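Excluded from the calculations below are hydrogen atoms, water molecules and symmetry mates; all remaining heavy atoms, backbone and side chain alike, are included. Because the structure is a prediction, the values reported are computed rather than measured.
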Amino acid sequence: MSTETLLLIFVGVTALAFTVQCVSIWSASRSVRSLIQRLEQRSEEIEGKFRTLQDRLLTLSEDLEPLQSSAKDLGANLETISARVRERSEDVDDFVQEILKVGRQQASKIDFLVSDTVQKFEQTTEVIQKDMLRPAVEISSFVKGVRAGLNVLLSGETPRPDRQQQEEELFI
């Protein structure tokens, strides 16, 4: 396999890996966002139900004074449950923040990987031009010179420079 083929394969594999990473990060962020929304909806529903229940129990306890102390205890328990639901919601928020932080770090790593790959590709292209193309041009020029010399020796005539050759010499 030639160097160009290996380079193309390397760039293709790198591009494929980058694409797979982007898709997986995007998919993970959508899943986390969906999970957060569902958890927030459920926690709001539960909190709403607990508040409604708490209000009803307080009304009932006022109507039933002998059972008032029991209702107060139950209300306190509902407040504790409500506080726990809020804590869980905060835990979910912290979890999401951590996921976002990790996602940003991964995006930074991907950016570095792409930048590094582009830089290496440019360096490789420069090396190919310097080490392969220039010697090929020099060898081609040398072969042309040898041919012209052999033509002069074998034909005995001195060649007249044609217009294109004069322009090339002026350009050089």
A.B. asks: Under a 4.5 Å cut-off applied to non-hydrogen side-chain atoms, are Glu126 and Glu122 in contact?
C.D. replies: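 Glu126 vs Glu122: side chains apart.
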A.B. asks: If you round to the nearest 0.5 Å, how far is CD of Gln119 from OG1 of Thr124?
C.D. replies: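 CD of Gln119 is found 10.0 Å from OG1 of Thr124.
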A.B. asks: Go through Arg38 and Ser34 one step at a time and tell me if the side chain to side chain donor-acceptor pair (under 3.5 Å) criterion holds.
C.D. replies: CA-CA 6 Å; Arg38 287 194 313 248; Ser34 168; 3.2 Å; yes
A.B. asks: Apart from Val20 itself, what residues make up its hydrophobic cluster, given side-chain heavy atom links below 4.5 Å?
C.D. replies: Leu16
A.B. asks: Determine whether Phe18 and Leu113 make a side-chain contact, defined as any pair of heavy atoms from C-beta on separated by less than 4.5 Å.
C.D. replies: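 No. Closest side-chain heavy atoms not under 4.5 Å.
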A.B. asks: Counting C-beta onward and ignoring hydrogens, is there a side-chain heavy-atom pair between Gln21 and Gln106 closer than 4.5 Å?
C.D. replies: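 When only atoms from C-beta onward are counted, Gln106 and Gln21 do not touch, as no gap falls below 4.5 Å.
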A.B. asks: Report, as yes or no, whether the 6.0 Å neighbourhood of atom CD on Gln123 holds more than 12 heavy atoms from other residues, nucleotides or ligands.
C.D. replies: yes
A.B. asks: Rounded to the nearest 0.5 Å, what separates atom CD1 in Ile81 from atom CD in Glu79?
C.D. replies: 11.0 Å
A.B. asks: Could you list the residues that satisfy side-chain hydrogen bond (donor to acceptor under 3.5 Å, both in side chains) with Ser82, not counting sequence neighbours?
C.D. replies: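 Expected list: Arg86.
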A.B. asks: For residues Ser24 and Ser27, is any side-chain donor paired with an opposing acceptor at under 3.5 Å?
C.D. replies: no
A.B. asks: Measuring from Thr59:OG1 to Gln54:CD, what's the distance to the nearest 0.5 Å?
C.D. replies: 10.5 Å
A.B. asks: Apart from Ile99 itself, which Ile, Leu, Val, Met, Phe, Trp or Tyr residues share its cluster (side-chain heavy atoms under 4.5 Å, direct or through members)?
C.D. replies: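 Taking Ile, Leu, Val, Met, Phe, Trp and Tyr as members, Ile99 shares its hydrophobic cluster with Val32, Leu35, Ile36, Leu39, Val92, Phe95, Val96, Leu100.
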A.B. asks: With the threshold set at 4.0 Å, does a side-chain nitrogen-carboxylate oxygen contact exist between Asp116 and Lys120?
C.D. replies: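 A salt bridge is present here (some side-chain N lies under 4.0 Å from a carboxylate O).
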A.B. asks: About how many Å separate CG of Leu57 and CZ of Phe50, when rounded to the nearest 0.5 Å?
C.D. replies: 11.0 Å
A.B. asks: Can any side-chain N or O of Ser89 pair as donor or acceptor with the backbone N or O of Val85 at less than 3.5 Å?
C.D. replies: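 Pair absent, no side-chain N/O of Ser89 close to backbone of Val85.
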